[in-house]
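Throughout, a chain's letter reflects where its sequence line sits, starting with A, and its residues are numbered from 1. These figures come from a predicted structure and were not determined experimentally.
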Number of protein chains: 2
Amino acid sequence: MLHPCTPDFLSALGETHPGLLRATAPRDLEEPRGRWQGQAAAVACPRDTAEVAAVVRACAGAGVGVVPLGGGTGLVGGQVMAQGPVPLVLSLERMTALRGAYPSENVLVVEAGMVLADVQAEAAKLRRVFPLSLASEGSARIGGNLAANAGGVNVLRYGNARDLCLGLEAVLPDGSIFHGLKRLRKDNTGYDLRHLLIGSEGTLGVITAASLRLFPEPAARVVALLAVPGPQAALDLLAMAQGQVAGLISAFELIHRMGYDFLAEKLPEIAVPLSPVPEWSVLIELGLPQVVAPEEAMAGLYAQAAEAGLVQDGVIATSEAQAAALWRIRESIPEGNRRIGAVSSHDISLPLSAIPDFIPRAGKALAALGEWRINCFGHLGDGNLHYNVFPVPGRSRADHDHQREAVKTCVHDLVHALGGSVSAEHGVGRLKVGDLERYGDPAKLAAMRAIKAALDPAGIMNPGAVLRG
Amino acid sequence: MLHPCTPDFLSALGETHPGLLRATAPRDLEEPRGRWQGQAAAVACPRDTAEVAAVVRACAGAGVGVVPLGGGTGLVGGQVMAQGPVPLVLSLERMTALRGAYPSENVLVVEAGMVLADVQAEAAKLRRVFPLSLASEGSARIGGNLAANAGGVNVLRYGNARDLCLGLEAVLPDGSIFHGLKRLRKDNTGYDLRHLLIGSEGTLGVITAASLRLFPEPAARVVALLAVPGPQAALDLLAMAQGQVAGLISAFELIHRMGYDFLAEKLPEIAVPLSPVPEWSVLIELGLPQVVAPEEAMAGLYAQAAEAGLVQDGVIATSEAQAAALWRIRESIPEGNRRIGAVSSHDISLPLSAIPDFIPRAGKALAALGEWRINCFGHLGDGNLHYNVFPVPGRSRADHDHQREAVKTCVHDLVHALGGSVSAEHGVGRLKVGDLERYGDPAKLAAMRAIKAALDPAGIMNPGAVLRG
């Protein structure tokens, strides 16, 4: 059973580790969408892995909950514990060191508190790419990205966060340290604890450092924004592109006109270079080696796609500035959404071939519940859509508070029926614990509970996240 | 505690599932290197997943050990239980169905008993590639490949078996069925049971089906055999190739002259097209999209590498027949080794930058134990070497039986000291249980034991493999 984190517990911890604790600040207890208000007796800020271990060991001994905190950018409440005995927050903010750089191995070893953008910058210094890239990269910390198995825009080519990690160092729930910072591409020595910790959202331990895969920088990139007749055509275009430049497609993002409409309403400085504004479009980026001429590769794809009726209009960026401007459109869509204010946002994935069926069916099912504006966009190449439901003009999200649950269930039920996932890249956190119980495979859930009980018998690690406490 | 599989147990199982059991054949109890003789009361050959579940449930109830059997090609004894209460062997030989083909998703769903070469052939029918490729692909079954997280020659580009698997169906040690055959690129819904089962070598459950990632067929391949001054030059050549054609290098294999010498001695029909026969060479394959001219790409690399002193001689295949002939050399090396007869074979991986240091140091350390012929070859692009130690001419492996353990420890100690792995792609099985205890991280081992006890409290799944029973 968990106990609250008491002043006595804190003063004992503070005495053995001077300077470890700081007072709780508002930002420690918030999450970006403001759904929960967290609680914490204090924030422990360890300076090294041994201190992380000491904190976890003390909490295990006293039955005190530990909520690991990275950049606090997660969207499912994994970083804020709103209920239950007041926990200790364990922030990785001081553990930001570069432990080692191995350009000839394409490997970087970093501490878990390093901000994702800084990881990218360290890779760039070596003329390499660390391809994990997502909206919050300026404040998200790599340990949190790994704990949540973050996705982002480059998954199609380079994989999810778990695919970018060769090794981990972590503190397990009993305070023991898992020394697994290998820099190996092949290592079949027993159960893959790394992959178990990645995606466990801090419920099985605290990631303290990671060895990360880097990639050679493509010699050139070429970006295009292409109007397509619809989602099926977008998928056919993806298949055509894979046939032509397999392995070199860095991103393939679907954009619906609603996204452009929201930008026009809320961020009018973001210009869309297609007229008329298309109902459906894709942003495609190719990252090409020096043996391929970038504009030619994209122009060849465009010509063949146009002939096949898969592309109706489009712009190919002819400069880095134009490429950045096209990406800025895509990257501004979440901010446009935020300013409109969603009734319910869904981070879903589907088998690719189910997507053209899903989109109209979801629209029809939601229409039975009321009138909405739907912005369906995202990482089409990964089958990962952000399917977000908004009020019509003149109404606010608060007007629909009573329908939020019904809207979510409507979307998630259909996703599940089509073999999809109700959490593609954001994780379960506290937001989707009920969804996991509703849609999760019973044998998997039972195995998860058994593993959690075996590794964390007192239930101290991130209580209430992923699995009900 | 485990109990032997008795005639009574078998007759009860046979009555409820007519036709399930067959008598044990010699091939069920063998492994390729002949180190162990397995034992089995009978072989259960389920026809579907429900029958697998019934077998496992019955064994769990009676405390009878279950040894899962795929193609029986594993090299570490994971498929043969030589000691302890006689188990039931569970063969996947009847579960070979193609469950579904999804070319537009680049996905194939197959049962675990499908032979790897048949998986490759099903992919080829769709004009796709399933890139897992290894010496035993004509008899290895995909379920075993996944249970052992097999590697092979295409890992550099496409990853290990675990990276090629999107979803699993498996029977867990209590007989429950994990329905996880998702066809999704992103799915963050709780602990990744798939990655826990992959690489657990049948000790946490029986894989019954998998959804597999396919890739577009490269438009062309070009293969070259290049003489290099040494391992460091080989690594520099790899880095140069990555700079020129990042993401398009399908294989990068290191070959030592000893491999050619063994072929000349034992398989003289395999001609080596380089004269003089080089001390060190690499076989490199590029798999290129249609926008790249294959011979030009390889010739460009060759010219730049020659100018930098990284390549001294070489042949670039100009036909598919020549490419196949170059690959035949590489693929014949294990057979040459077998005919010579190794004292000790080591499947190791190292951080790439440690390899040029490792090779001479290992040679020096072994020289202190006696005189040897060393064949060091393998998947250099992955840092995975097969470092095999042979008697000098006139001596046999039996002459060195008393030194086998010392040779192995000598090599493994150095690998471990340099941050490497003593099981890169073959797994732990029963051969390396002691190595795992010697070199494994204590916190990881404790977590593995806790997970094993939680999911398989009676210890019925593949007893004695990976973890001591």
task: Heavy-atom distances under 4.5 Å only: say whether B/Val155 touches chain A with side chain, backbone, both or neither.
output: side chain

message: Is A/Leu248 in contact with chain B via its backbone, its side chain, both, or neither, using a 4.5 Å heavy-atom distance?
response: side chain

- prompt: So does B/Glu437 have more than 12 non-hydrogen atoms from other groups sitting under 6.0 Å from CD?
  reply: yes

Under 4.5 Å from a heavy atom of chain A, the part of B/Ala447 involved: both

task: Determine yes or no for a side-chain-to-main-chain donor-acceptor pair under 3.5 angstrom, with A/Arg128 supplying the side chain and A/Pro103 the backbone.
output: yes

- prompt: Where does the angle between the aromatic ring planes of A/His386 and A/His426 fall among parallel (under 30°), tilted (30 to 60°) and perpendicular (over 60°)?
  reply: parallel

message: Could you tell me if the side chain of B/Tyr102 sits less than 4.5 Å from the side chain of B/Val109, heavy atoms only?
response: yes

field: N/O donor-acceptor pair under 3.5 Å between A/Thr208 side chain and A/Glu169 backbone
entry: yes

query: What option among B/Ala219, B/Ala446, B/Gly420 has the most heavy-atom pairs under 4.5 Å with chain A?
result: B/Gly420

- prompt: Is it the backbone or the side chain of B/Lys444 that comes under 4.5 Å from a heavy atom of chain A, or both, or neither?
  reply: both

- request: Tell me, out of B/Gln244, B/Lys452, B/Arg127, who's got the most heavy-atom pairs with chain A below 4.5 Å.
  value: B/Gln244

task: Among the options A/Lys432, A/Arg162, A/Arg157, pick out the one with the most heavy-atom pairs lying under 4.5 Å from chain B.
output: A/Arg162

query: Is there a side-chain contact between A/Asp357 and A/Leu418 (heavy atoms, below 4.5 Å)?
result: yes

message: Is the shortest side-chain heavy-atom distance between A/His379 and A/Leu156 below 4.5 Å?
response: no

message: Tell me if a side-chain donor or acceptor on B/Arg183 pairs with a main-chain N or O of B/Glu105 at a distance below 3.5 Å.
response: no

Interchain contact, B/Leu436 with chain A, by part (heavy-atom threshold 4.5 Å): side chain

- request: Look only at the side chain of A/Glu201 and the backbone of A/Gly429, and say whether a donor-acceptor pair between them is shorter than 3.5 Å.
  value: yes

query: Who wins among A/Gly381, A/Gly190, A/Ala239 for the most heavy-atom pairs under 4.5 Å with chain B?
result: A/Gly190

Per-residue contact mode, A/Leu467 against chain B (heavy atom under 4.5 angstrom): side chain

query: Considering only heavy atoms, which portion of B/Asp187 lies under 4.5 Å from any heavy atom of chain A: side chain, backbone, both, or neither?
result: both

Largest heavy-atom contact set with chain A, pairs under 4.5 Å, which of B/Ala297, B/Ser176, B/Ala246: B/Ala246

query: Should we count CD of B/Glu295 as having more than 12 external heavy atoms under 6.0 Å?
result: yes

field: Among A/Gly383, A/Gly243, A/Gly287, A/Gly427, residue most engaged with chain B (heavy-atom pairs, under 4.5 Å)
entry: A/Gly427

message: Can a donor-acceptor pair be found, under 3.5 Å and without considering hydrogens, that links the side chain of A/Ser349 to the backbone of B/Lys186?
response: yes

- line: Heaviest contributor of heavy-atom pairs below 4.5 Å to chain A, chosen from B/Ala450, B/Ala424, B/Ala443, is B/Ala424

field: Donor-acceptor pair between B/Asn149 and A/Asn188 side chains, under 3.5 angstrom
entry: yes

message: Show, in sequence, the C-alpha distance, side-chain angles and deciding distance for A/Leu301 and A/Leu237, and conclude whether the side-chain contact (heavy atoms from CB on, under 4.5 Å) test is met.
response: CA-CA 9 Å; A/Leu301 176 63; A/Leu237 175 63; 4.3 Å; yes

query: Hey, which of A/Val428, A/Asn160, A/Leu196 has the most heavy atom pairs under 4.5 Å with chain B?
result: A/Asn160

- prompt: Between B/Asp163, B/Leu350, B/Leu204, B/Asp435, which has the largest tally of heavy atom pairs under 4.5 Å with chain A?
  reply: B/Leu204

query: Relative to chain B, which segment of A/Ala148 carries a heavy atom at a distance below 4.5 Å: side chain, backbone, both, or neither?
result: backbone

Top of B/Asp236, B/Val466, B/Asp192 for chain A proximity - count of heavy-atom pairs under 4.5 angstrom: B/Asp192

message: With rounding to the nearest 0.5 angstrom, report the CG to OG distance, A/Leu286 to A/Ser250.
response: 7.0 Å

- line: When the 4.5 angstrom heavy-atom criterion is applied to A/Val245 and chain B, the contacting part is both

field: Which portion of A/Asp382 sits near chain B, non-hydrogen atoms under 4.5 angstrom
entry: both

field: A/Leu235 versus chain B, the contacting section by heavy-atom distance below 4.5 Å
entry: neither

message: Quick check: do A/Ser423 and A/Asp347 have side-chain heavy atoms less than 4.5 Å from each other?
response: yes

query: Is there side-chain contact between A/Thr189 and B/Tyr439, with heavy atoms separated by less than 4.5 Å?
result: no

query: Do A/Leu126 and A/Leu214 touch side chain to side chain, with heavy atoms closer than 4.5 Å?
result: yes

message: So for A/Asn106, is it side chain, backbone, both, or neither that comes closer than 4.5 Å to the heavy atoms of chain B?
response: side chain

message: Need one label for B/Asp174: side chain, backbone, both or neither, based on atoms under 4.5 Å from any heavy atom in chain A.
response: neither

task: Below 4.5 Å from any heavy atom of chain A, which atoms of B/Ala170 appear? Answer side chain, backbone, both or neither.
output: neither

query: What part of B/Asp441 gets closer than 4.5 Å to chain A, counting heavy atoms only: side chain, backbone, both or neither?
result: side chain

message: Between B/Val291 and chain A, with a heavy-atom cut-off of 4.5 Å, which part of the residue counts as in contact: side chain, backbone, both or neither?
response: both

query: Which one of A/Ala454, A/Pro351, A/Pro216 has the most heavy-atom pairs closer than 4.5 Å to chain B?
result: A/Pro351

Which of A/Arg185, A/His179, A/His195 touches chain B most, by non-hydrogen pairs under 4.5 Å: A/His195

task: Side chain from CB out, backbone as N, CA, C, O: work out which of these in B/Leu288 comes under 4.5 Å of a heavy atom of chain A, or both, or neither.
output: neither

